[in-house]
Peer 1: 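Submitted below is the structure of interest, expressed as structure tokens.
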Amino acid sequence: MTDPTFEFSRAITRRPAASITDGLRAEHIGTPDLAQMQAAHDHYVATLKQTCAEVIELPPLEDFPDAVFVEDTTLCLPQGAVMMRPGAPSRMGEVAQMEPAIRKVYDNVRQIKGPGHIEGGDILVTCREILVGRSDRTDAEGVAELTAIVADWGHSVREVFTPPGVLHFKTDCSLLDGETILSTKRLDASGCFEGYRVLHVADGEEAAANSIRFNQFVLSPAGFPRTAEMLRKNGYEVVEISNTECAKLDGGMSCLSLRF
Ligand code: CIR
């Protein structure tokens, strides 16, 4: 199942560094293993490439333990890219590290200058609007600055809210096609997806909500069989990718790439 308005020809990823052991996490549920994370990352990149998209693979950044989660640094839109301003102080420097790669592929690059903060993980772009979830990482000033920055590109931004205790808005949802959103029940209950078709992840499988639709595939974290089956029944071609190591750092499928 594909939507012609949501075809991706490129993605940017960054290989995990040995310093991932120092990555941010809400609670300690184990130390991530680099070799296992790299193996899952290889599977992830290979799946993106299988769709014939070009994948720009950036080298590891030892000084930035969370730099493998590239999504938070940049918002990629058809008209141009917007460099973010992460709310996590240890992640601020990742933006400058990403910018040269973005400038190679985009002529029009804009920047969130602050004082507010906004991270890509809180932004869901649908075919009709840009939803931004306020969270511990994204504040009202960041949303307001993004709203002004993308207005002349014809995008409208709607501020919504990330559930308490959830890292990012897209920790709990993903776009499956122009009109269909995969969501946890707790996020959908906020009413933010009114007017969209919403598919719920299975109870107890909330972590499966952080999936991505990339061309003909939906990349989902492995280990959530009822949600994978529900997606397949709805016509999606699901590729299950191990997420055990990234999950120890509150990361998932969307965080690992920029897609455009
Ligand atoms: C962080 O706390 O910033 C990282 N350990 C995880 C970032 C996950 N990114 C995302 O969901 N977009």
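Every number for a ligand or one of its atoms is a count from 1 in the order of the listing. All residue numbers in this chain count up from 1 along the given sequence.
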Peer 1: Would you check if there is a donor-acceptor pair between the side chains of D22 and S19 at a distance under 3.5 Å?
Peer 2: no
Peer 1: Between R137 and ligand 1, which residue portion shows a heavy-atom distance shorter than 4.0 Å: side chain, backbone, both, or neither?
Peer 2: side chain
Peer 1: A side-chain contact here means heavy atoms from C-beta on lying under 4.5 Å apart; do T13 and L48 qualify?
Peer 2: yes
Peer 1: What protein heavy atom sits nearest atom 6 (C) of ligand 1, and how far away is it?
Peer 2: L249 O, 3.1 Å
Peer 1: Answer side chain, backbone, both or neither: which part of K170 comes under 4.0 Å from ligand 1, heavy atoms only.
Peer 2: neither
Peer 1: Side chain or backbone, does R91 bring an N or O within less than 3.5 Å of an N or O on ligand 1?
Peer 2: yes
Peer 1: Step by step, would you call F260 with Y106 a ring pair (Phe, Tyr, Trp, His ring centres under 6.0 Å)?
Peer 2: CA-CA 10 Å; F260 47 100; Y106 274 103; 5.4 Å; yes
Peer 1: What protein heavy atom is closest to atom 8 (C) of ligand 1, reported as residue, atom name and distance in Å?
Peer 2: C255 SG, 3.4 Å
Peer 1: Pick one of side chain, backbone, both or neither for how L24 approaches ligand 1, counting any non-hydrogen atom pair under 4.0 Å.
Peer 2: both
Peer 1: Using distance alone, with no hydrogens and no angle criterion, decide if T138 and E119 have a side-chain donor and acceptor under 3.5 Å apart.
Peer 2: no
Peer 1: Which residue and non-hydrogen atom of the protein lie closest to atom 9 (N) of ligand 1, and at what distance in Å?
Peer 2: D72 OD2, 2.8 Å
Peer 1: Would you check if Y44 and M253 make a side-chain contact, meaning some heavy-atom pair closer than 4.5 Å?
Peer 2: yes
Peer 1: Answer with yes or no whether the side chains of T180 and Y196 bring together a donor and an acceptor at under 3.5 Å.
Peer 2: no
Peer 1: Counting neighbours of CG on D107 that are heavy atoms of other residues, nucleotides or ligands and sit closer than 6.0 Å, is the number greater than 12?
Peer 2: no
Peer 1: Heavy-atom count around D139 CG within 6.0 Å, excluding the residue itself: above 12?
Peer 2: yes
Peer 1: I'd like to know whether ligand 1 has R25 as a neighbour, heavy-atom separation below 4.0 Å.
Peer 2: no
Peer 1: Any idea which protein heavy atom is nearest atom 4 (C) of ligand 1, and the distance to it?
Peer 2: D66 OD1, 3.2 Å
Peer 1: Please indicate whether any nitrogen or oxygen in E71 is less than 3.5 Å from any nitrogen or oxygen in ligand 1.
Peer 2: yes
Peer 1: Got an N/O contact under 3.5 Å between E119 and ligand 1?
Peer 2: no
